[in-house]
Structures are given as C-alpha cells and as structure tokens.
Amino acid sequence: MRVLVTGGAGFIGREVVAELIRRGDDVVVLDSLRPDVHGQNARGDERTVVGDVRDAGAVERALSGCDAVVHLAAKVGLGVSLADIDDYVSSNDLGTAVLLRAAEVPHIVYASSMVVYGEGRYDCPEHGQVAPPPRRKEDLDAGRFEPRCPVCAADLRPGLVTEDARLDPRNVYAATKAHGEALLAAWARQTGGSATALRFHNVYGPGMPRDTPYAGVAALFRSAVERGEAPTVLEDGRQRRDFVHVTDVARAVAAAVAVPQAAGAVTPLNVGSGVVTTIGEMAEITSKLLAGPEPVVTGGYRLGDVRHVTASSERAAEALGWRAAVGLADGLATLTSP
C-alpha cells in the first residue's frame, strides 16, 4: 500500500513512517520542515515532498498514486497567546481542508487529540456524571484548582472519558483539532470514504520537540533538568494525564491504516497508555532518571489548561487489536539516550 504521511518529518511522523515501512508499506512524506518545529537544519530524504499542507500543488504531488493518508501535519501545543490564533487556524483548519479537497483515497487516518474533550469525565456523588464549566480565574488565583459540580458545587471524582463524550475544546489548538474531525466527517459522508480520528494523549519519547513554546510537558521537564534546573510544575502537580510512548502511538496509527473503519463516517478512537499519571509524578520520575533537581511546584497556571483528562482506550483495542506496550518507567528511560 502506498501511504502519504503529512508531517512525516516530525516527532510522531518519523516513528509512523518507520512503522509503516516495517510493515511493508510504500511511504510518501509531505512536510514543510518548518524551522520552529524541526530546527534550522531540518532535511528531508528521498521520500519527502517538501511543501506546506496548505499548498494545493504540493499536496497533489504528494498524493499521486497513494491509497491512504495519515494526516499528522499540524501546529501543536496549547499556544502562547491569542497572537498566534490565526497561524493555528491557518495551519490546522485550512491545511486539513486543502488536503481533504484533494484526497481521492478510500481511507484517511487523522491525528486528533484528547484536548477535544476539554475536561475529562467527572462524577458528582449526588448528580452523577456532570460536565464542569471552565475554571474561573479567581478560583485559580486562590489555588482552587479542582472543578466543582455545576449543580451543587460539590467535589467531583475524575474518571475515564470515552469517545461518545461531547467535545468541549477549551483552547485554540483544541478547537482546531475538533474542527478537523468535523471536516473529516464531512469528507467521509460526501465521498463514502472511511476516516479514523485517533485522539492521542500526551505523547512522549526520544526526539520530541524541545525548547519551544509548543513543546509538551515531558519535553519541558527534560530540557529543564538537562540545563541543571528544577522542573517547574504548575498548579499543585496533581493534574491527571495519560502519557503514551511515541512507539505505541506509531503502532496505533499503522493499525488504523491497515484496518479501516465504517465507510462514510469518521470513527474516533482514544490512544493512550491506560495508566493515569499526575504531572507532579511525571516531573519527579524525569528528575530521578536524569539525576536532576527536585521539581518545584509553583501554584501558577495557564487559563487554557484543563485539570484532569484521561480516557479509556478500550475501543482502539477492540477495533484495531492495539494496546500500548511501553510502561512509563521504561518509556522515560529512553529519554536518557541521545
């Protein structure tokens, strides 16, 4: 099978390309090699079409002869401020639209994200499952980080969110990922193609972006320790996340390419490790592995952040025959290698 991987020169993309090749697929990469993502010395190889996913000509060249598409290309991260909202929307929404317009293939795998859920699942002792509103600035300023029941203001119990939960994106990046899923659904309905939206959790591993405003928390912690600094943990460090190793993510993507889901629809699937880890625990493990300073919990916050979001990946196991295989300690140990 000939597969186009957009963003194939990136952190996740490189692993996906390697996994697809290992499985016997012929891979084409479309990547802009943006310096703010890949560094100043980024280079493609013989399978790379260098171009922006918003460039219809580049997209059409890369799609030639392809049987499926893996769409990873995106501007990622929470963002810095509203000053980059237009770049997020252009890179992610317009880029997806240009690709879908040209994609005369039967199957697309789309890199979505757990951020489309906003806050994860919460249960109130009295009112059952509830959806807490966005946290208020005055509560965050006062160190009140936990969401409360919107009916009775009671403490809530966080749980695992499933794919049928309503989407509630709470920052610009999240909004573009949710809109990408909507565009993908429209494409599938109109073409009869099948589409799988993989909602990645916090992906980490060797080669992850570092020292940029858009890097993930695992990369930020590692970079701090390597500079001899203590990892800085926001809020109280008890935020719940699911950290999944990039090699497990690549296997999930390859499985989704090989096992198309329902025609004429988009099928969302959570891709996580199945293990809940707090941000504070992640910082502590990283510091110990790299013999660095103890983490510092600051009590600071970012308005676009959510408190807890972890999900069940059982549907991915059922649909794709996939489960994460790399445990957190083993996965973080790979960060100590060059």
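For the numbers below, each heavy atom of this structure counts, side chains included, while hydrogens, waters and symmetry mates do not.
- For Glu104, the CD atom is loosely surrounded, since the number of other residues' heavy atoms within 6.0 Å does not exceed 12.
- Proximity of a side-chain donor or acceptor of Thr278 to a complementary backbone N or O of Glu281 within less than 3.5 Å is detected.
- Between Asp25 and Arg23 there is no salt bridge, since no side-chain nitrogen of the basic residue lies less than 4.0 Å from a carboxylate oxygen of the acidic one.
- If you run side chain to side chain contact (heavy atoms under 4.5 Å, CB included) between Val326 and each of Val244, Asp248, Val246, only Asp248 comes through.
- Within the 3.5 Å criterion, the main-chain N or O of Asp87 finds a donor-acceptor partner in the side chain of Ser91.
- Tyr117 contributes no side-chain N or O that, together with a main-chain N or O of Thr310, makes up a donor-acceptor pair within less than 3.5 Å.
- Listed for the His107 side chain is no donor-acceptor partner under 3.5 Å among the backbone atoms of Thr196.
- Side-chain atoms of Arg148 come within 3.5 Å of backbone N or O of Ala153 as a donor-acceptor pair.
- Side-chain atoms of Gln239 come within 3.5 Å of backbone N or O of Leu234 as a donor-acceptor pair.
- Panel note: side chain Asp242, backbone Ser273; a donor-acceptor pair is recorded below 3.5 Å.
- At least one donor-acceptor pair under 3.5 Å links the side chain of Arg135 to the backbone N or O of Phe145.
- Shown are Arg307, Arg240, Arg157; of these, the salt bridge (charged side-chain N to carboxylate O under 4.0 Å, His left out) with Glu146 is made only by Arg307.
- Between Glu314 and Arg323 there is a salt bridge, since at least one side-chain N of the basic residue sits less than 4.0 Å from a carboxylate O of the acidic one.
- Not one N or O on the side chain of Asp52 forms a donor-acceptor pair closer than 3.5 Å with the backbone of Ser32.
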| said: Between Phe243 and His201, is the ring pair (Phe, Tyr, Trp, His ring centres under 6.0 Å) condition met? List the steps. | reply: CA-CA 6 Å; Phe243 293 94; His201 282 254; 9.9 Å; no

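- Look at Glu181 and Lys177 and you find no salt bridge, because none of the NZ, NE, NH1 or NH2 atoms lies under 4.0 Å from a carboxylate O.
- A side-chain donor-acceptor contact under 3.5 Å links Ser287 to the backbone of Pro293.
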